[in-house]
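Remarks on the structure that follows.
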Amino acid sequence: MAQRFYDTRTATVRDFVPLTEGEVSLYYCGATVQGMPHVGHVRSAIVFDILVRWLEYTGLQVTSVRNVTDIDDKILEKSAASYGEDFEEDENYPADEPWFALAYRFEHEFARAYAALGVRRPTYEPRATGHIPEMVALIQRLIDAGHAYPATDGSGDVYFEVNSWPAYGELTRQRVEDLQDAPDADPRGKRDPRDFALWKGAKGTDPATAAWESPWGSGRPGWHLECSAMSTKYLGSHFDIHGGGLDLRFPHHENELAQSAAAGDGFANFWLHNGMVTYAGEKMSKSVGNTISPEQMLEQARPKAVRYFLGQAHYRSQLDYRPTSLQEAEAAIERIEAFLDRGADVVADLQLKREEAAAVAGTLTGEEAPDAVYVAQFSSVPTAFRAAMEDDLNVPQALAVLHDAVRAGNSALAAGDEDAVEQYYSDVQSMVEVLGLDDVPEPESAQDPAAHHALDILIRAQLDARAAARAAKDWTTADGIRDTLAAAGVVVEDSADGARWSLQ
RNA sequence: GGUGGGGUGGCCGAGAGGCGAGGCAACGGCCUGCAAAGCCGUGUACGCGGGUUCGAAUCCCGUCCCCACCUCCA
């Protein structure tokens with residue numbers, strides 16, 4: 001089966017064939033760094049992180065680019081507001097902060113949020129402010145081609161002329177006539193209200209640091225333009241996939257496509273859009289107050305569970321957050337981890353036995369023991385998992401395969417079938433890797449090896465005492481020890497070969 | 001008004017003409033000294049009304065409702 005993706009532009013699921021064999025070029029929209037990341041940003045990043053990991057798993061070489069839009073109206077507005085006399089600063093917005101400081105600060109907050117959830121960095125993360133010459137060149141090409149014009153009112157703006165581009169609306173299949181005019185649109189020097197800004201002439205109130213020289217006067221780029229300029233700079237005029245949130249389809253991606261296509265670029269071959277995150281069925285919004293930030297999620301659950309939750313739905317579906325969602329994800333994750341923990345012990349034993357057997361055989365024959373032969377194969381994923389991922393990245397289906405393997409693995413453990421355990425262990429491990437779940441950093445408290453070692457010795461002493469009590473059928477003492485450990489957040493599990501402990 | 005996507009069991013969430021994906025929760029059983037974990041089993045789920053079909057959650061017609069975008073948005 002071939003890889004297939006739903007392409008927004010054609011509104012169909014199509015076979016995905018890379019433009020260059022063996023390689024994939026991916027551009028997906030990151031953030032306009034004007035505030036703290038919210039879960040929607042993070043979901044999108046996780047979706048495309050899984051996509052990249054999967055494509056790489058299938059042997060493709062992926063070049064991924066995610067923009068940082070670090071200059072725009074909102075950033076300037078927020079910075080300007082911070083200098084106001086009646087400005088009330090809060091933890092996210094200090095007083096008197098230059099726009100570039102604000103943007104850079106939030107850029108780092110995004111990087112932190114991504115890293116906390118195991119989102120790998122893209123190949124490159126270009127900033128809009130670093131690509132002004134590319135944007136100016138693109139505008140010039142559009143003017144030369146007759147698709148853009150400097151504003152007639154001397155404002156220094158340059159607009160894309162929607163009516164000069166018959167294909168306008170092709171991405172979202174909308175007719176220009178049907179579009180509602182923006183109620184508060186400032187017509188300024190536009191020929192048509194639907195024309196959008198490529199370049200915004202500097203206003204007297206703009207800080208000098210937020211203006212660049214151009215053939216049309218000092219100013220700054222409009223939204224949309226940076227993505228066209230940066231994607232084609234790093235990926236070529238025609239690249240494989242352009243991604244982003246569903247809400248970016250219009251106008252952002254529609255305009256990107258128009259300006260790039262009108263300039264003569266082939267642009268994106270596939271458009272992938274991820275669904276929104278809702279809170280109990282409603283879109284999260286600050287005014288309703290039904291928001292939850294990545295930070296808050298991380299306070300409630302382990303990063304791995306948060307990643308599992310944000311990645312578990314199909315990427316095109318709306319993902320609904322509920323107060324119980326993270327607990328459920330935590331339970332699912334723990335089930336997988338519990339199997340991997342127990343399975344690892346069995347697999348390690350099995351390896352050891354083989355090495356011993358090989359050593360004995362080597363002594364007998366005088367040959368050296370071949371060790372490479374016994375290295376577990378972590379390289380292949382079950383066919384059903386592959387089929388699910390190839391079918392428009394059907395992660396929910398893929399997770400079903402993962403959970404099936406966990407159950408089968410647990411049964412094999414119970415049956416003492418070590419070879420089967422090894423196989424399921426390998427399957428689960430490789431699926432977990434593709435989904436990036438093994439790559440999520442644990443919270444700092446859980447990753448101090450010295451502390452963990454000390455704790456292990458102390459708990460083992462307790463468990464030994466309990467084992468002795470159990471051997472003597474002194475249940476009161478045995479249960480007392482277990483209760484004490486439980487009160488300290490240590491869960492004890494008995495098994496045929498002794499007790500295991502883990503932190504709650 | 002235009003465009004796109006939906007309504008699936010207690011909850012989340014795939015699927016898309018015929019064997020009830022999967023997770024979470026619940027209940028019963030096995031295992032266990034008791035637990036925990038694990039395993040097995042249970043629930044007659046597809047908004048509503050018609051139709052097509054041997055057979056429909058899946059196709060067709062009608063109808064109700066929801067969400068997103070059209071203004072900044074992942």
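Lettering of chains follows the sequences in order, A, B, ..., and the numbering in each one begins at 1.
- What separates CG of A/Leu117 from P of B/rA74 is a distance of 17 Å, to the nearest Å.
- For the P atoms, the distance linking B/rC30 with B/rA36 amounts to 14 Å, nearest Å.
- Between A/Asn410 and A/Tyr424, the side chains place no donor N or O within less than 3.5 Å of an acceptor N or O (distance only, hydrogens not considered).
- For A/Tyr308 and B/rG23, the shortest distance from a side-chain N or O to OP1 or OP2 is not below 4.0 Å.
- Nucleic acid contact class of A/Gly245 (heavy atoms, under 4.0 Å, all strands): sugar-phosphate only.
- Across the C1' atoms, B/rU3 and B/rG18 are found 36 Å apart, a figure rounded to whole Å.
- Taking atom P on both B/rA37 and B/rC27, the two are 13 Å apart, rounded to the nearest angstrom.
- Proximity of the aromatic rings of A/Phe267 and A/Phe239 is defined here by a centroid distance below 6.0 angstrom, and this criterion is met.
- No donor-acceptor pair under 3.5 Å is formed between the side chain of A/Arg316 and the backbone N or O of A/Leu246.
- Taking for each of A/Ala31 and A/Tyr6 the nucleotide of RNA chain B with the nearest heavy atom, the 5'-most of the two is the partner of A/Tyr6.
- Between A/Asp483 atom CG and B/rC34 atom P there is a gap of 16 Å when expressed in whole angstrom units.
- Between B/rG41 and B/rG22, the two P atoms lie 10 Å apart (nearest whole Å).
- The same atom, P, is picked in B/rC39 and in B/rA25; the two are 13 Å apart, to the nearest Å.
- Checked against B/rA74, B/rA14, B/rG23, the side chain of A/Met276 finds its nearest nucleotide in B/rA74.
- A/Gln462 and A/Trp501 form no side-chain donor-acceptor contact under 3.5 Å, judged by distance and modelled atom types alone.
- Both A/Glu328 and A/Lys74 lie near RNA chain B, and the one whose nearest nucleotide falls closer to the 5' end is A/Glu328.
- One C1' atom belongs to B/rA45, the other to B/rG13, and the distance between them is 12 Å to the nearest Å.
- Regarding A/Asp404, its CG atom lies at a distance of 7 Å from the C1' atom of B/rG22, rounded to whole Å.
- Considering only side-chain N and O atoms, A/Ser317 lies under 4.0 angstrom from the phosphate OP1 or OP2 of B/rA14.
- The base of B/rA74 has none of its N or O atoms less than 3.5 Å from a complementary donor or acceptor on the side chain of A/His273.
- With P as the reference atom, B/rG1 and B/rC54 are 40 Å apart, rounded to whole Å.
- Atom pair A/Arg322:CZ and B/rC11:C1' shows a separation of 7 Å (rounding to whole Å applied).
- Using a cutoff of 4.0 Å between basic side-chain nitrogens and carboxylate oxygens, A/Asp73 and A/Arg220 are scored as salt-bridged.
- To the nearest angstrom, C1' of B/rC34 lies 6 Å from CG of A/Asp479.
- Among the nucleotides B/rG23, B/rA74, B/rA21, the one closest to any side-chain atom of A/Ala400 is B/rA21.
- As judged by a 4.0 angstrom heavy-atom cut-off over every strand, A/Gly169 is placed among residues making no nucleic acid contact.
- With rounding to whole Å, A/Glu254 atom CD is found 12 Å from B/rU71 atom P.
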Exercise. Any chance you could list the contact pattern along nucleotides 35-41 of chain B? Use B for base contacts, S for sugar-phosphate-only contacts and - for none, protein heavy atoms under 4.0 Å, 5' to 3'.
Key: BBSSSS-
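- Comparing B/rA74, B/rG4, B/rG13 against the side chain of A/Pro396 picks out B/rG13 as the nearest.
- A donor-acceptor contact closer than 3.5 angstrom is absent between the side chains of A/Gln300 and A/Gln296.
- Taking atom CG on A/Leu225 and atom P on B/rC72, their separation rounds to 15 Å, with Å as the unit.
- Taking the P atom of each, B/rU8 and B/rA57 are spaced 15 Å apart, rounded to whole Å.
- Distance CG (A/Leu399) to P (B/rC12): 17 Å, rounded to an integer number of Å.
- The main-chain N or O of A/Val65 is never found under 3.5 Å from a side-chain atom of A/Thr123 such that the two would form a donor-acceptor pair.
- Base contact: A/His38 has a heavy atom under 4.0 Å from a base atom.
- Side-chain atoms of A/His403 do not come within 3.5 Å of backbone N or O of A/Ala400 as any donor-acceptor pair.
- Residue A/Gln174 is classed as a base contact, given a heavy-atom separation below 4.0 Å to a base.
- The only member of A/Arg53, A/Arg120, A/Arg307 that meets side-chain hydrogen bond (donor to acceptor under 3.5 Å, both in side chains) when paired with A/Asp439 is A/Arg53.
- Distance alone, capped at 3.5 Å, places no donor-acceptor pair between the A/Asp392 side chain and the A/Asn394 backbone.
- OP1 and OP2 of B/rG22 both lie 4.0 Å or more from every side-chain N or O belonging to A/His403.
- Looking at RNA chain B, the stems built from 3 or more consecutive Watson-Crick or G-U wobble pairs, each pair with its key distances under 3.5 Å, are B:1-7 with B:64-70, B:10-12 with B:22-24, B:26-30 with B:38-42, B:47-51 with B:59-63.
- Proximity of the aromatic rings of A/Tyr6 and A/His314 is defined here by a centroid distance below 6.0 angstrom, and this criterion is not met.
- A salt bridge does not link A/Arg66 to A/Asp49: none of the charged side-chain nitrogens sits closer than 4.0 Å to a carboxylate oxygen.
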